[in-house]
Amino acid sequence: MAGRRPHNQLVVGPLLGSIEAGGTKWVCAVGSGPDDIVAETRIPTTSPSETLGEVLEFFSRYPALEAMGVASFGPLELRPAHPKFGFITSTPKPGWSDTDLVGVLEEGFDIPIGIDTDVNGAALAEGTWGAAVGFTSYVYLTVGTGVGGGAVLDGKTVRGLVHPEMGHVSVRRHPDDGFAGLCPYHGDCFEGLASGPAIVARWGDEPRNLAPAFRISAAEMEAHYVAEGLRNIVFVLAPELIMVGGGASKIEGFLPAVRSRLQESLADYPGLPEHDDDSFVVAPGLGERSGVAGGFVLAIGALTNR
Ligand code: ZN
């Protein structure tokens, strides 16, 4: 549960706006952080004009806001000097390609606006309030409707020409898997084989609804693909900690299965005991709150960088 600001207590920090912009809903919150929320609302993702109109209307009730952060679905344009900085670029989400998020918010409110991907925001939030506190380089991976990862290296989210697209790396196939994969761009990339819709398309139903033998096979195959994705991440980004959340992580015995598969897949290379420890791959500490916490952490970043 989100903390509510108690009466008669000092304000914890500046009043901030947090936006978790998702493909089905936008969660907008006002407060100083995920444990100090004074107001929150959910707005369905319909058309950009309708959804953004409701977002502006909600935040306009809080004139004392000092900064706002947006943790958004993407892909996003995040190069500060680019004319389309702060835009959602070429999303498969109908109607949302080429949508100016930051511009609309800047027009509505004369305060600093921070933006990053939902998963980069979630990663930063985990480092501020969750499972990655005390670490400087870590990855937040979500395996659900899609597969996406955010990375913080040396305290900063990874951004270059574009943000990481960890869901689209290649993974070695499970020897028993003949499924073609669902990614509209790559077919059998990580997301194409491991997302929730891929599991349902391959097996005909959610793992929990399958007969026990199939349920076990589905869980084992999912752990295989997530471990394959993590192996890429381990070798490319060298994180100190990986957090795995999303719907698929709720499969019974999922994290222990992923850890053991990852250990096999790394094959004792480069031989770090940390990679084999149960504390290397963990569940996110903020759970369902990581998105809205991501918005807050981005708002704090916008405020301090002004
Ligand atoms: Zn793909």
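We're numbering straight along the sequence, starting at 1. Read the numbers this way: they start at 1 and go in the same order the structure lists the ligands and their atoms.
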In terms of heavy-atom contacts, M166 and L237 come closest through CE-CD1, 3.8 Å
Has S195 got a side-chain atom pairing as donor or acceptor with G192's backbone, closer than 3.5 angstrom? no
Nearest-0.5 Å distance that lies between atom SG in C189 and atom CD in E165: 10.0 Å
Indicate the atoms forming the closest heavy-atom contact of D116 with L78, along with that distance. OD1-CD1, 3.5 Å
Which N, O or S atoms belonging to the protein are less than 2.8 Å from the Zn ion (ligand 1)? H168 ND1, C183 SG, H186 ND1, C189 SG
Should E40 and R289 count as an ion pair when the cut-off is N to O under 4.0 Å? yes
Just wondering, do K250 and F254 contact through their side chains at under 4.5 Å, heavy atoms? no
